[in-house]
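Numbers here simply count residues along the sequence, with the first being 1.
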Amino acid sequence: MAVDATPGDLADLGFRRLQEDLTRLDRIDRYVRGEHDDPYTPQSASDEYKLLAKRSVSNWLPLLVKTPSQAMSVSGYRREGTGAGQPSAEWSAWQDNRMDARQNPVHRAALMYGQSFVSVLRDPADPSRPIIRGISPRKLYASYEDPAADMFPLWVFQIEALPEKEGAEAQGWVYDDTYVYDVMVGGKDGPRVVGSRAHNMGRCPVVRFAPDIDLEGRVRGVVEPMIPIQDRINQTVFDLLVAQTFGSFKVRTISGMAPEFKRDPETGEILYDANGRPQPIPIRFEASRALVAPDADTKFGQLDETPLGGFIEAIEAGVKTLAAVSQTPPHYLLGSVVNLSAEALAAAESALSRAVDEYEHALGESWEATLFLCAHAAGVEPDPTAQVLWADKESRSLSQTVDALGKAVQMLQVPARALWSRIPGTTSTDLEEWRQIAEEDDAGARMAERMASALLPQAQSDPEEEPEVTSA
C-alpha cells in the first residue's frame, strides 16, 4: 500500500492485518499466562481425568522470556558534545519518562512475540518534552519499505483495543511521517477519520524492537518455537499424575472366594441398590487386620505399583531439551546447581550470554533510534553516532573482575578511570560521583589551585610591571 493512500484506507488495511495475526499472538500470550492446550485424554475420560489434565500444566515459558530480559538493562547513553557530568537532552527525556523501569516490558514483549514497538511524540502541553510509550504488537501494525533494514516505518496503525463484538467500533490512530490521524474502525460503514494533528517529528515516530529478524523481515520470538516442547512436557506430567493417582500403590487381589452381600438384619434377605443389584460387603485391607476366607481354594495375591522413575526422567529430558533449544542454562529450569565455581557457572551460562549479546546489539539500535527521536523532539541536533550503554549483568566473581582490571592498569597501562564502567553493577550516576570524589582528592590539582590563588592577587596589583630579566 502506498504512503499516499488515504488514512481511511491505511486504517482498514492495518486493522485487517492485525486481525489476521491476532490468532498467533493470542496463542503466545495464552501459553505464557499458563492457559495451555489440554494433554491428550480418552473421549470417555472421567471428571477425575479432566482434573488431572488441568493440574498437569507446568509452565516453563515465562522463564524463557524473563531469563534473557533480566540480563538486559540500558544504563547510560553516550553522545558527542556532552561534557562529563552533563546529561544529554535524550538521556534527560529517558529519565523523565521513567524508562529505567519501563524498558523491561518493551524487552519482554519483543522476546515474547518477536517484536514490540515504542512511539515518541511531543507533549501537547510542552512541545519540547518527548513522550515515550511502549506498544504491544497485538495493538499495532507497521508497514515498511524494507522490513529487514528500515528502522522507521512508512506508516503504522495502532488500536486502543480490538472490538469484542462484530460491528462494534474501536478507537485507533494512523501515523505517517507528518500527521497522527484519529480513526474509528470495526463499524459496519468502514473506517472513519474523526481528527488529525501534525506530530512534527520529521518521520513516522514509531520504532520497532525485533531481537530476531531475518532478511525477509520475518520476526520470531522465544516462545512460539517452544510451544510443541512445552506440550510434550505437559503430556508427560499428565501421564505421571495418572500413574501416581491410579497405580502408584500395591493392589491386593483375591480369587476363588464368593463375595458376601449385605442382608436385612431382621429378615436376613439380601439388600439391593436402586439399580436392582445386590450390595456387596467391602473387604477392608488394613495393616492391623488379617484376611480370612471360608473357602480353602481362595488365593490371595498382590499387584506391584507402577514405577514413576521413568516419568520423572522423561520430564527432566523434556526440560533439558527446552533449555538447549532456547539457550537457557539448564540449572535455571531444573535448579540443579551444587557448589559450582565461578568458572563453571560462567561456562554453563555461555550460551545465554551469547544470546543476550545478540539481543543487545539488535535492541540497542532500536533504543538509539528512539533517543534520536527524543533529540528531535527536544530541539537539539541528533547524534547518529550515539550509543546506549548496557549494564553488565554476567555472572562472574567480583574479586576476579577487580583483579583482572587491576592487572590491566598495572601491566597494560590502561587508565584506571577508563575501567570504572566495567565494574559490575556500576551506573552513570556512580561514575559521575566517583569522578567528583577523585577530583576532590587530587592533591596535584589542589596544589595547582593554591598556587594560582597566590599568584592572582600579585598579578592584579601591578598588571603593567615588566618581569625583570637577568643574565647569568
Using a 3.5 Å distance criterion without hydrogens, assess whether the side chain of [X] forms a donor-acceptor pair with backbone atoms of [Y].
X      : Y      : value
Thr306 : Gly247 : yes
Gln327 : Ala324 : no
Asp123 : Pro127 : no
Arg138 : Leu22  : no
Asp12  : Gly8   : no
Asp150 : Phe152 : no
His199 : Thr178 : yes
Arg220 : Gly114 : no
Arg55  : Leu241 : no
Ser56  : Ala53  : yes

Minimum heavy-atom separation for [X] and [Y], please, with both atom names.
X      : Y      : value
Ile229 : Gly318 : CG2-O, 3.8 Å
Ala210 : Val219 : CB-CG1, 3.9 Å
Leu10  : Ala5   : CD2-CB, 4.0 Å
Leu333 : Ala323 : CD1-CB, 3.8 Å
Val183 : Val194 : N-CG2, 4.2 Å
Pro225 : Gly221 : CD-O, 3.3 Å

Worksheet item: Would Cys374 and Ile132 satisfy side-chain contact (heavy atoms from CB on, under 4.5 Å), going step by step from the backbone distance to the final call?
Response: CA-CA 8 Å; Cys374 290; Ile132 307 174; 3.5 Å; yes

Once you round to the nearest 0.5 Å, how far does [atom1] of [X] lie from [atom2] of [Y]?
X      : Y      : atom1 : atom2 : value
Trp173 : Arg197 : CH2   : CZ    : 8.5 Å
Lys54  : Lys50  : NZ    : NZ    : 9.0 Å
Arg122 : Leu373 : CZ    : CG    : 10.0 Å
Trp91  : Ser88  : CH2   : OG    : 8.5 Å
Arg79  : Glu381 : CZ    : CD    : 8.0 Å
Gln70  : Asn104 : CD    : CG    : 8.5 Å

Worksheet item: Any idea how Phe209 and Trp367 line up, ring-wise: parallel (<30°), tilted (30 to 60°), or perpendicular (>60°)?
Response: perpendicular

Worksheet item: Where does the angle between the aromatic ring planes of Tyr179 and Tyr181 fall among parallel (under 30°), tilted (30 to 60°) and perpendicular (over 60°)?
Response: tilted

Could you check if a side-chain atom of [X] sits within less than 4.5 angstrom of a side-chain atom of [Y], using non-hydrogen atoms only?
X      : Y      : answer
Val74  : Met99  : no
Leu352 : Val356 : yes
Leu111 : Pro211 : yes
Val193 : Asp182 : no
Asp29  : Met112 : yes
Val118 : Arg133 : no
Thr321 : Arg232 : yes
Phe372 : Val207 : no

Distance-only polar pair, side chains of [X] and [Y], donor-acceptor under 3.5 Å:
X      : Y      : value
Asp26  : Thr23  : no
His36  : Asp231 : no
Thr385 : Asp383 : yes
Tyr141 : Asp21  : no
Tyr40  : Gln235 : no
Trp155 : Asp177 : no
Ser75  : Ser73  : no

Worksheet item: How far apart are the C-alpha atoms of Glu160 and Lys139, what are their side-chain angles, what is the distance that settles it, and do they pass the side-chain contact (heavy atoms from CB on, under 4.5 Å) test?
Response: CA-CA 7 Å; Glu160 183 177 17; Lys139 295 184 177 181; over 6 Å; no

In this structure, are over 12 heavy atoms from other groups packed under 6.0 Å from [X] atom [atom1]?
X      : atom1 : result
Gln95  : CD    : yes
Leu215 : CG    : no
Arg203 : CZ    : yes
Asp189 : CG    : no

Item to complete: Could you check Phe311 against Asp239 for side-chain contact (heavy atoms from CB on, under 4.5 Å), going step by step and ending with a plain yes or no?
Response: CA-CA 8 Å; Phe311 295 99; Asp239 296 339; 3.7 Å; yes

Worksheet entry | Working for side-chain contact (heavy atoms from CB on, under 4.5 Å), residues Leu64 and Met226 | CA-CA 9 Å; Leu64 307 186; Met226 302 299 111; 3.5 Å; yes

Item to complete: Could you tell me whether Lys188 and Glu169 have a side-chain N and a carboxylate O separated by less than 4.0 Å?
Response: no

Practice prompt. Could you tell me whether Glu224 and Arg24 make a salt bridge, using a distance below 4.0 angstrom between a side-chain N and a carboxylate O?
Written response: yes

Discussion item. Against Leu140, only a single residue in Val156, Ile159, Leu18 fulfils side chain to side chain contact (heavy atoms under 4.5 Å, CB included); can you say which?
Written reply: Val156

Worksheet item: Does the ring of Tyr31 carry Arg33 above it, NZ/CZ under 6.0 angstrom from centre and within 45° of its axis?
Response: no

